[in-house]
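One-based numbering, in listed order, for ligands and for the atoms of each.
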Amino acid sequence: MKIRLLVLNFLICGTVLATDNYNYQGLKYTGSKQKILIWGGETGWFGQEMVKILTKLGHTAISAKSRLENRQDIIAEIEAIKPDRIVNAAGVTGRPHIDWCEDHRPETIRANIIGALNLVDIAYTYKLHMTNMGTGCLYDFDEKHPKGSGIGFKETDDANHYTSFYCASKVYLEKLLLEYPNVLNLRVRMPLSYDFHFRNFIIKITSYAKVINEPNSLSVLEDLLPVAVDMTLRNLKGSYNFVNPGVMTHNEILDLYQKYVDSSFKYVNFTIAEQDRILKAARSNCELDTTKLLQEYPHIPHIKASVEKALLAMRKIKSQQIK
Ligand SMILES: NC(=O)c1ccc[n+]([C@@H]2O[C@H](COP(=O)([O-])OP(=O)(O)OC[C@H]3O[C@@H](n4cnc5c(N)ncnc54)[C@H](OP(=O)(O)O)[C@@H]3O)[C@@H](O)[C@H]2O)c1
């Protein structure tokens with residue numbers, strides 16, 4: 001059954017490009033057209049999508065060629081292109097997943113810490129605003145933020161999730177990054193999209209032999225990447241929990257997947273303790289407080305409404321593919 005699903009997803013991913021389902025409502029920037037240089041714009045999931053959104057909005061988006069660890073190359077590229085702002089959507093995320101970082105710590109530090117700091121430090125010198133696509137996987141539910149309480153971690157709460165080296169690298173980065181006054185740091189977590197992209201959280205959990213069932217904050221790219229672009233254009237600064245409001249459990253998502261996309265789909269749960277035994281590093285499960293983000297962008301829909309829309313869009317892609 002899992003093989004059938006993987007083949008279906010492969011066929012759909014391989015032949016259908018994501019349609020533009022981006023939610024452009026609620027954006028606020030009204031200034032002149034800007035030139036944005038994006039690290040990760042050439043091959044990265046978020047970076048490529050941000051290039052598309054900026055282009056659609058009439059701005060000039062350029063994918064950076066320099067590597068984050070090569071300071072002189074970054075300086076040369078900024079001197080040559082003279083961007084109005086820059087975006088860091090680059091970093092090592094590990095393949096097939098973040099467990100890769102456990103055994104590649106120097107490489108992870110080089111890109112995710114030294115590289116990102118290089119970029120922000122150079123941007124500061126050139127008086128450029130930098131948006132960093134960061135992570136919200138910095139927390140685990142705790143006594144003050146218990147599971148199911150609706151009390152999410154705020155941007156000002158100290159991180160408490162250090163069990164995976166990937167996340168630890170992001171905790172260390174965020175602390176230093178926010179010492180710079182020119183940075184917007186967007187804390188994305190468990191990103192999903194309205195298509196069959198292999199990194200889509202929905203696709204990931206449908207491919208697992210067993211899956212945990214925990215409530216989590218998630219980021220729907222169709223809602224949030226246009227907002228990331230708008231926040232960049234507006235020169236907003238500081239850290240923002242960059243997720244849709246509310247939480248959803250794995251089972252809630254998979255039940256909707258079964259309802260809308262594949263009625264024959266079945267899944268099996270296991271506990272976090274059992275999951276920890278098959279992974280190199282324990283994963284973060286948490287709820288993030290979205291008050292700060294919603295003050296700027298109150299239109300961002302609740303996660304349950306957006307996941308339902310995502311699955312309806314995926315059903316449409318699947319039905320077009322099968323015709
Ligand atoms: N996807 C997620 O689940 C998730 C969740 C939260 C946060 N984030 C963060 O958001 C950022 C973007 O994520 P993503 O999913 O779009 O990542 P992705 O698809 O894995 O792309 C990463 C990009 O970073 C580039 N890159 C890696 N090392 C580099 C280096 N040393 N110098 C220059 N470019 C380098 C890669 O270019 P090459 O192909 O040329 O190496 C690629 O374009 C990452 O920092 C990630 O940690 C991702």
Ligand 1 contact on [X] by region, counting heavy-atom pairs under 4.0 Å:
| X | result |
| --- | --- |
| Glu69 | side chain |
| Thr93 | side chain |
| Arg95 | side chain |

Any donor-acceptor pair under 3.5 Å linking the side-chain atoms of [Y] with those of [X]?
| X | Y | answer |
| --- | --- | --- |
| Glu79 | Tyr126 | yes |
| Gln34 | Ser32 | yes |
| Asn251 | Asn269 | yes |
| Ser284 | Arg189 | yes |
| Tyr267 | Gln258 | no |
| Tyr166 | Arg283 | no |
| Thr290 | Asn241 | no |
| Asn185 | Ser239 | yes |
| Asp230 | Tyr297 | yes |
| Asp140 | Asn160 | no |

What residue and heavy atom of the protein are closest to [atom], and at what distance?
| atom | result |
| --- | --- |
| atom 6 (C) of ligand 1 | Val188 O, 3.3 Å |
| atom 25 (C) of ligand 1 | Ala90 CB, 3.7 Å |
| atom 5 (C) of ligand 1 | Pro191 CD, 3.8 Å |
| atom 12 (C) of ligand 1 | Ala89 O, 3.3 Å |
| atom 11 (C) of ligand 1 | Met133 O, 3.7 Å |
| atom 32 (N) of ligand 1 | Leu68 N, 2.8 Å |
| atom 41 (O) of ligand 1 | Arg67 NH2, 3.1 Å |

Test of proximity, [X] against ligand 1: N or O pairs below 3.5 Å:
| X | value |
| --- | --- |
| Phe46 | yes |
| Thr43 | yes |
| Trp39 | no |
| Gly44 | yes |
| Lys170 | yes |

If we only consider heavy atoms of [X], is any one of them less than 4.0 Å away from an atom in ligand 1?
| X | value |
| --- | --- |
| Arg110 | no |
| Tyr166 | yes |
| Gly134 | yes |

(Q) Angle between ring planes, Trp45 versus His197, binned at 30° and 60°: parallel, tilted or perpendicular? (A) parallel
Q) Nearest heavy atom to atom 15 (O) of ligand 1: which of Arg199, Gln48, Glu49 does it belong to? A) Arg199
Q) Which is closest to atom 24 (O) of ligand 1 by heavy-atom distance: Ala64, Gly40, Gly91? A) Gly91
Q) Regarding Lys237 and the six-membered ring of Tyr180, is the cationic atom NZ or CZ under 6.0 Å from the ring centre and inside 45° of its axis? A) no
